Every structure is written in C-alpha cells, then in structure tokens.
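Single-structure report; data block below.
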Amino acid sequence: MKTLDQFNITGRSALVTGGASGIGLAYAEAMAEAGAKVTIADLDSDGAEREAARLRSDGAEVQAVACDISDLAQVTAAFDAHVAAYGGLDICFANAGWDAGDGFWAPSGERNPLGRIDQYDPEKWKRSIDINLSGAYYTIREAVRCMRAGNRKGSIIATASNAGIINEPIVGIPYMPAKAGVLHLVRHAALELAEFGIRVNAIAPGPFVTNIGDGWVKKNPDARTSFEKTIPIGRMADTQEMKPLALLLASDASSFITGAHVVIDGGVQLGNFK
Ligand code: NAD
C-alpha cells in the first residue's frame, strides 16, 4: 500500500464531542474534508447545527446532536443517533472540555485570589471533574459500545492537555488532575481494547487560539502577547495546525500506535529559558 493511502478514511464515520468550536471543530473539519461522515455532538446545539450546516454546504455528510458529555444518558443518545444515521462508528474524538475557571495566576501576570487552592469554588471542582474526566470516560465508554457492537476496528482519540503533564497556573486547579486522569484512562483503555482492534490515544495540546476560557485570548491582545513570550515557538497555535495530527491518529496511518499521547505545544513542555 502506498503511504498516502494509509491516511484514507473515506466512507468511515466519526463522532466529535465539543465539535462546534475550537479544536473539536478542527477535528470535525479534518474528518469531513477527508471523506468521513461526521456527528458533531456539543452542548451548544445552535453552534453544532451551524457548523454541521456549513460543512454540509461544502458537500460533506455531517449531522449535529445536542449533548452534555457530563450526562451519560445524553452521551448514549448521541452515539445511538450516530449509529442510526451512519450504520456504525469507526472514529471518536472525546474532545469536549472546560478550562475550570480561574487559576492562581492571571494571564495579566499577577496572583488571582479566586484561583487559590483554599478559595476555589467547590462546585466548579465538581463540574470540572464531571466534564473533563467523567465526560471523557462516558464518551470512550459509548464509543467502545458502538465499535464492539459493530465488530469493527476503531480509533478513539481523547483531547487531554499539557496541563495533564505539567502545571498550568492560569487554569482552574481541577483541570490538572482531570486531564492527567484522561491520559491514564487512555492508556488503560488502550490495553483492554488492543485485541479487539480498537486503538485509543490522546492528544495533549498546548496553547491553541480557541474559545476556551470565554475566549480570553481573542479578547485580550496584550495578555496574549505577554503569554506568547513564554512559548518557545513564540506564538499560540491556529486550530488548523491540529488537523494533520487528527488524521494521522484517526486513520490506519497510526495502525501500530495505541496508548500513546502526542504533545502539540510549540515547545511549552521544554521550559522557558528567557
Ligand atoms: P472551545 O471552548 O473553543 O470548544 C469547546 C467546545 O466544547 C465548545 O463547542 C463547547 O460548547 C463544548 N462543550 C463544553 N462543555 C461541554 C459539555 N459538557 N458537553 C458537550 N460539549 C461541551 O475550547 P477548545 O480549546 O477547543 O477545547 C477543546 C478541548 O481541548 C478541551 O478538552 C480542552 O480542555 C482542550 N485543550 C485546549 C487547549 C487550548 O489551548 N485551547 C489546550 C489544551 C487542551
């Protein structure tokens, strides 16, 4: 087989949680551009429908489903809607997430009392774990149910974060253990599922320009500029830069990769020597 043929996902189907915005939208676009049938499952039902309609107008087969990933019943219903529309499931991006609000360090470069470990809102702690960790589990769980029922090979990709490996002081404290949990969940699921032909991997992004954190990075150019000085490559990433990695992990081009995580962070994990 020729190398480029290994990236071919034409006719396969993919469900993307959090696909109405940011990194999830890039995954959905990458899958649709490569010829897969796509379900965008998102809490923001208007946004999901808007993006699905836009991709359909470009000739892709894409549907939108309203879904809160912190509610297992809604996740089950989203996957059922995907299988009903497309006859099975080949690819899943467990992507939706929430930044968990204030960290102890503000992007402007000073301590933020609301993010202090002894001040942080316990309701936000619970909500972050419900979305970022339980939501990832519910998504992987339902993807596996559909893949195994169809007796198909499959690829599951979870969006973890740099924050699951190193500290990110500007995001809320539960985000770190939740994303670290996602990375270990991925390794554990990969071990269980390897013999069924289901691969499970994680992407650990660094700073991408999206709507996370209420889109602070789009609203505060000065904070963005000072933040970008801490990134070895010197800038935040465009979500377009996520698409080739998404296609690699979704397709047979990564047929011997499972239980891995790929860091895509402009060198943030290397440290800042300036
Ligand atoms: P975003 O805010 O642009 O997009 C997130 C999407 O998820 C939105 O469409 C939102 O409606 C949806 N969503 C939120 N909660 C949901 C829920 N409970 N159920 C279903 N959908 C829900 O953010 P993004 O930056 O694209 O984030 C995508 C993923 O990438 C998240 O898991 C985030 O933690 C992770 N991440 C982002 C960055 C970054 O720099 N942007 C870095 C590391 C990790």
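Whatever order the structure lists them in is the order used to number ligands and atoms, beginning at 1. Predicted model only: the values in this text are computed from it and were never measured.
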Any sub-3.5 Å donor-acceptor pair from S45's side-chain atoms to D42's backbone N or O? no
For atom 13 (N) of ligand 1, which candidate among A96, A41, A66, G47 holds the nearest heavy atom? A96
Quick one: does any side-chain atom of D265 pair with a main-chain N or O of Q269 as donor and acceptor, under 3.5 Å? yes
Ignoring angles and geometry beyond distance, decide whether N211 reaches within less than 3.5 Å of ligand 1 through its nitrogen or oxygen atoms. yes
Pick one of side chain, backbone, both or neither for how A48 approaches ligand 1, counting any non-hydrogen atom pair under 4.0 Å. neither
Looking at R54 and E29, is there a salt bridge between them, counting it only when a charged N and a carboxylate O are closer than 4.0 Å? yes
D238/F208 under side-chain contact (heavy atoms from CB on, under 4.5 Å): CA gap, chis, key distance, verdict: CA-CA 6 Å; D238 188 290; F208 277 70; over 6 Å; no
D130 CG to E123 CD distance, which is reported to the nearest 0.5 Å: 9.5 Å
Between S161, G206, A78, G213, which one has a non-hydrogen atom sitting closest to atom 42 (C) of ligand 1? G206
Atom 34 (O) of ligand 1: which of W98, Y175, F208 has the nearest heavy atom? Y175
May I ask you to say whether K153 pairs ionically with E195, meaning some side-chain N is under 4.0 Å from a carboxylate O? no
Closest to atom 32 (O) of ligand 1 among protein heavy atoms sits N95 O, 2.7 Å
Candidate with minimal heavy-atom separation from atom 25 (O) of ligand 1, of V209, D130, T210: T210
Any N/O of P207 closer than 3.5 Å to an N/O of ligand 1? no
Backbone, side chain, both or neither: what part of M236 comes under 4.0 angstrom of ligand 1, heavy atoms only? neither
Under 6.0 Å from the CZ atom of R145, do we count more than 12 heavy atoms belonging to anything else shown? yes
